[in-house]
Amino acid sequence: MGLVATILMASPALSAENRCGWVENPTPGNYWLTDRAGSWTILTQGSDVEPKGVDLLPDFSAGEFVKTNGSYGNACACMSVVVDRQEKRITQILSVKQLALSKCRNDRKLPKPAM
């Protein structure tokens, strides 16, 4: 097997998943995505661990957004991501699309945001 094929087989992009739900940002530097499978950590304040592609997170407050703590709060979005299932952590963000709040609010299988 060639080197390129080996690299492609080991590439995390091959395991990308589309996850939709509440993007919660209750305080500075803290982000997680809550979907039907539970809560996935994106960022934690004070941690050196952050996903590749974190710069793709948009300013959610520019779209439909629920303020829960000053300028922090919740939005509804779909994200193409690579996850660490054991740690329940997003390790790479490939794309983010913010959705109308009604999309998450009307999904009966989606847990309500923590805040």
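With hydrogens and angles disregarded, no donor-acceptor distance shorter than 3.5 Å links the side chain of N69 to the backbone of T27. Checking side-chain atoms of Q45 against main-chain N and O of N30 turns up no donor-acceptor pair under 3.5 Å. In this structure, S47 contributes its side chain and V49 its backbone to a donor-acceptor pair below 3.5 Å. With hydrogens and angles ignored, the 3.5 Å screen pairs no side-chain donor or acceptor of E50 with any backbone N or O of I42. Between the side chain of N25 and the main chain of P28, no donor-acceptor pair closer than 3.5 Å is present.
Between C20 and C104, the two SG sulfurs stay at or beyond 2.5 Å from each other.
One hydrophobic cluster holds both V81 and W40 under the rule that ILVMFWY side chains link at heavy-atom gaps under 4.5 Å. Transitive grouping of hydrophobic side chains (ILVMFWY, heavy atoms separated by less than 4.5 Å) keeps W32 and V54 in distinct clusters. In the hydrophobic clustering of this structure, F60 does not group with V66; members are Ile, Leu, Val, Met, Phe, Trp, Tyr whose side-chain heavy atoms approach within less than 4.5 Å, directly or through other members. Cluster membership check: V82 does not share its hydrophobic cluster with L57, using side-chain heavy-atom separations under 4.5 Å among Ile, Leu, Val, Met, Phe, Trp and Tyr.
Contact annotation: the side chain of M79 approaches that of L33 to within less than 4.5 Å [non-hydrogen atoms, C-beta and beyond]. Side chains of L43 and P51 form a contact here, defined as non-hydrogen atoms less than 4.5 Å apart. Residues Q98 and V23 have side chains not in contact (no heavy-atom distance under 4.5 Å, counting atoms from C-beta outward).
Closest of all the heavy-atom pairs between L110 and R36 is CD1-N, 3.8 Å. Residues N18 and S80 approach most closely at OD1-N, 4.1 Å, considering heavy atoms. Pairing each heavy atom of P26 with each of Y72, the nearest pair is O-CB, 3.4 Å. Between L56 and S95, the closest heavy-atom pair is CD1-N, 4.2 Å. Taking all atoms of both residues into account, the shortest heavy-atom contact from L94 to Q92 is CD2-NE2, 3.4 Å.
To the nearest 0.5 angstrom, I93 atom CD1 is 10.0 Å from Y31 atom OH. Here the CH2-CG distance, from W22 to N74, works out to 6.5 Å after rounding to the nearest 0.5 Å. The distance from the CG atom of D107 to the NZ atom of K112 is 9.5 Å, given to the nearest 0.5 Å. Here E24 contributes atom CD and T68 contributes atom OG1; the two are 8.5 Å apart, rounded to the nearest 0.5 Å. Rounding to the nearest 0.5 Å gives a distance of 9.0 Å between SG of C76 and CD of E64.
Residues satisfying the salt bridge (charged side-chain N to carboxylate O under 4.0 Å, His left out) test with R105, not counting sequence neighbours, are none. For P111, the side-chain contact (heavy atoms from CB on, under 4.5 Å) criterion is met by T34, not counting sequence neighbours.
Screening residues 84-96 for salt bridge (Lys or Arg N to Asp or Glu O under 4.0 Å), with sequence neighbours left out, gives E17-R85.
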